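Here the structure comes first, spelled out in structure tokens, and everything after it is commentary.
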Protein chains: 2
Amino acid sequence: MTKQFTSVWTREPRQPKTAGLRREQIVTAAVELLDAEGMEALSMRKLGAKLGAGATSLYWHVANKDELLELVLDEIWGLVDTPEPEEASWREVVTTFAYSLRVTMLAHPWVAPMAVQMPSIGPNSFRLGDRLRRTFIRAGFTGVDNYLATSTVMSYVLGQVIPETTADKIFEGGLDPENMMQVMDQVGHDYPEMMEDYRNTVPTDATVARAMAFDFGLLCVMDGLEARLRTSRQS
Amino acid sequence: MTKQFTSVWTREPRQPKTAGLRREQIVTAAVELLDAEGMEALSMRKLGAKLGAGATSLYWHVANKDELLELVLDEIWGLVDTPEPEEASWREVVTTFAYSLRVTMLAHPWVAPMAVQMPSIGPNSFRLGDRLRRTFIRAGFTGVDNYLATSTVMSYVLGQVIPETTADKIFEGGLDPENMMQVMDQVGHDYPEMMEDYRNTVPTDATVARAMAFDFGLLCVMDGLEARLRTSRQS
DNA sequence: ACCTGAACACCGTTCAAGT
DNA sequence: ACCTGAACACCGTTCAAGT
């Protein structure tokens with residue numbers, strides 16, 4: 001009675017070669033639609049229409065909407081720039097990866113929430129994961145620690161970027177910052193010091209502030225990893 | 001023409017005192033429904049029914065579903081245990097907070113994705129944010145660094161826990177682990193070393209492995225913060 | 001092998017009307 | 001002040017039928 005685990009990746013794509021088009025077509029169209037109108041706007045009907053087909057045609061190529069999204073997500077993992085581990089020091093590889101992931105997710109703001117609700121077990125995701133693994137092996141992380149290092153970096157980047165995309169979504173369409181500030185004041189008036197700090201630091205230049213925050217935290221994480229490396233070497 | 005920013009928290013609750021019930025009632029019922037059946041199952045109609053009311057009655061107390069969710073989310077922030085900064089060292093406060101947030105989010109698996117798509121500007125969220133701020137002030141983080149420290153810790157925990165809840169969701173209902181392993185093999189067969197590592201480390205005891213990963217990463221983050229503290233003290 | 005349209009069982013939200 | 005029901009404009013998905 002146990003459920004079977006299923007995923008697009010366990011199923012052969014429908015027509016292996018005939019014109020070689022459909023699946024990629026569908027995924028590309030979905031990404032375009034998502035970029036243009038966001039997650040809430042992606043419906044099977046709209047996507048079908050964009051492809052000049054009935055909504056239900058899609059169900060020939062994909063079992064359901066979730067599988068479509070698995071495909072789309074892996075497409076995005078393919079955009080993240082991760083150097084081959086041999087090309088640079090582990091700190092450089094991690095830094096490049098982290099920055100690239102951040103840029104990619106900011107460019108496709110619907111990705112972060114998606115990456116978080118869906119298994120990432122497509123080919124692009126695997127290639128990336130394997131590179132990070134090899135990077136940390138060269139750095140000296142063995143056994144579980146290797147896995148832990150990868151997951152720490154990944155967690156950090158995801159955790160940092162996701163709120164950024166949320167904030168962008170809230171502000172998109174030229175939200176009046178004055179109005180925003182009023183709301184914040186009203187809502188946070190029990191914590192004047194916190195509001196004061198918020199006023200002084202964050203909104204000077206949100207883009208710069210956020211890049212700085214990202215940088216700061218990434219340094220923390222990497223310094224922390226290095227500390228772990230030292231203690232495990234001693235023992 | 002700029003959109004206005006709105007939030008439940010900018011609106012007075014409907015009936016300030018009369019029987020003092022409704023809003024809390026609605027939120028409680030929503031949390032129960034979410035705990036029992038998950039995010040996809042929460043609809044205004046079902047929630048209405050659970051409260052013995054028409055679906056549309058809810059719209060008297062709440063502008064729309066998103067505002068309902070803002071309320072629900074803040075309810076959850078209220079469950080996170082964060083000591084007063086004076087009670088302990090900053091590392092202890094951060095550790096308690098981080099662990100408590102993790103436990104809370106694992107207990108309510110629908111929270112993490114939600115926390116990530118919605119502004120958190122309710123009273124409980126503010127109280128928590130202010131405590132972390134004061135904690136880091138006592139630790140010696142001044143100005144922007146204080147904000148950055150908070151955001152680093154927060155990012156780390158969110159980023160770590162979110163994939164955990166995703167994994168739980170996938171496995172819930174007693175998914176056959178054998179079947180899962182087969183899928184992984186099939187899907188990752190281009191990366192035998194990675195699969196090997198995965199086999200050796202992760203599934204021995206998933207619960208323990210994940211707790212370890214969390215701990216490992218949290219130490220990284222805190223060690224990293226401490227390093228930042230030292231360099232800023234020197235300059 | 002691939003696509004279609006009709007149909008089913010849902011959604012969130014609005015609004016006039018009730019008490 | 002609060003709640004209702006009908007109605008609108010959507011969803012994802014199934015399935016028999018077409019080519």
Side-chain angles (χ1 to χ4, degrees), chain A residues 3-4 6-8 11-27 29-30 33-34 36-73 110 113-114 117-118 169, chain B residues 3-4 6-8 11-27 29-30 33-34 36-73 110 113-114 117-118 169:
Chain A
K3 261 185 312 181
Q4 288 288 99
T6 60
S7 158
V8 227
R11 220 183 313 288
E12 282 299 306
R14 237 32 219 268
Q15 12 51 299
K17 32 203 69 167
T18 72
L21 286 172
R22 291 262 51 134
R23 233 192 204 186
E24 292 86 335
Q25 254 182 51
I26 294 175
V27 173
L33 222 162
L34 286 163
E37 309 189 39
M39 191 65 216
E40 324 77 68
L42 177 69
S43 75
M44 298 304 260
R45 287 172 221 263
K46 274 198 200 166
L47 183 56
K50 190 180 162 81
L51 290 160
T56 54
S57 312
L58 300 171
Y59 286 85
W60 178 256
H61 300 97
V62 123
N64 52 41
K65 194 183 181 182
D66 269 2
E67 290 207 352
L68 206 207
L69 295 181
E70 272 190 277
L71 254 16
V72 165
L73 181 55
W110 43 271
M114 192 155 138
Q117 283 171 99
M118 216 136 32
K169 210 162 97 188
Chain B
K3 262 185 312 182
Q4 288 288 101
T6 61
S7 159
V8 228
R11 219 184 312 288
E12 282 300 306
R14 237 34 219 269
Q15 13 49 300
K17 32 203 70 166
T18 72
L21 287 172
R22 290 265 46 137
R23 233 193 204 185
E24 292 86 336
Q25 252 183 53
I26 295 176
V27 173
L33 222 161
L34 286 163
E37 309 190 37
M39 191 65 217
E40 324 76 69
L42 177 69
S43 74
M44 298 303 261
R45 287 173 220 261
K46 274 198 201 165
L47 184 55
K50 191 179 162 81
L51 289 160
T56 54
S57 312
L58 300 170
Y59 286 85
W60 178 256
H61 301 96
V62 122
N64 52 42
K65 195 183 180 180
D66 269 1
E67 290 206 352
L68 206 208
L69 296 182
E70 274 190 276
L71 253 16
V72 165
L73 181 56
W110 43 271
M114 192 155 139
Q117 281 170 103
M118 216 137 31
K169 211 162 97 187

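These figures come from a predicted structure and were not determined experimentally. Letters go in sequence order (proteins before strands), and every chain restarts at 1.
- Taking a 4.0 Å limit (strictly below) on heavy-atom distances, residues 38-48 of chain A reaches DNA chain D at A:L42, A:S43, A:M44, A:R45, A:K46.
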Between B:L58 and B:L51, is a side-chain contact (heavy atoms from CB on, under 4.5 Å) present by the stated rule, with each step listed?
CA-CA 10 Å; B:L58 300 170; B:L51 289 160; 4.0 Å; yes
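- A distance-only check finds a donor-acceptor pair linking the side chain of B:N64 to the backbone of B:E67 [under 3.5 Å].
- Looking only at side-chain heavy atoms (C-beta outward), A:H61 and A:L71 stay at 4.5 Å or farther from each other.
- For the pair B:W60 and D:dC3, the criterion of a side-chain N or O lying under 4.0 Å from OP1 or OP2 is not met.
- The shortest side-chain heavy-atom distance between A:L69 and A:L42 falls under the 4.5 Å cut-off.
- The CD-C1' distance, from A:Q25 to C:dC3, rounds to 14 Å in whole Å.
- Separation of atoms CD (A:Q117) and CD (B:Q117) is listed at 5.5 Å; rounding is to 0.5 Å.
- Atom OH in A:Y59 sits about 18 Å away from atom P in C:dA6, given to the nearest Å.
- Going from atom NZ of A:K65 over to atom P of D:dT13 covers 8 Å, rounded to whole Å.
- Taking CZ of A:R22 as the start and OG of A:S57 as the end, the distance is 7.5 Å to the nearest 0.5 Å.
- In this structure, B:A53 reaches the sugar-phosphate backbone alone: every heavy-atom distance under 4.0 Å involves primed, P, OP1 or OP2 atoms, never a base.
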Reading 5' to 3' and counting Watson-Crick or G-U wobble pairs with both distances under 3.5 Å, write the dot-bracket notation for DNA chain D, | for bases paired outside the strand.
||.|||||...|||||.||
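- The CG-P distance, from A:L51 to C:dT4, rounds to 10 Å in whole Å.
- Atom NE2 in A:H61 sits roughly 7 Å away from atom C1' in C:dC2 (whole-Å rounding).
- If you measure from atom CZ of B:R23 to atom P of D:dC2, you get 12 Å, rounded to the nearest angstrom.
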side-chain contact (heavy atoms from CB on, under 4.5 Å) evaluation trace for B:V72 with B:M118
CA-CA 11 Å; B:V72 165; B:M118 216 137 31; over 6 Å; no
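- Judged by distance alone, with hydrogens and angles left aside, A:T56 brings a side-chain donor or acceptor within reach of the base of C:dG5, the pair sitting under 3.5 Å.
- Rounding to the nearest 0.5 Å places CG of B:L73 at 11.5 Å from CG of B:D66.
- Using a 4.5 Å heavy-atom cutoff, the side chains of B:M39 and B:P113 are not in contact.
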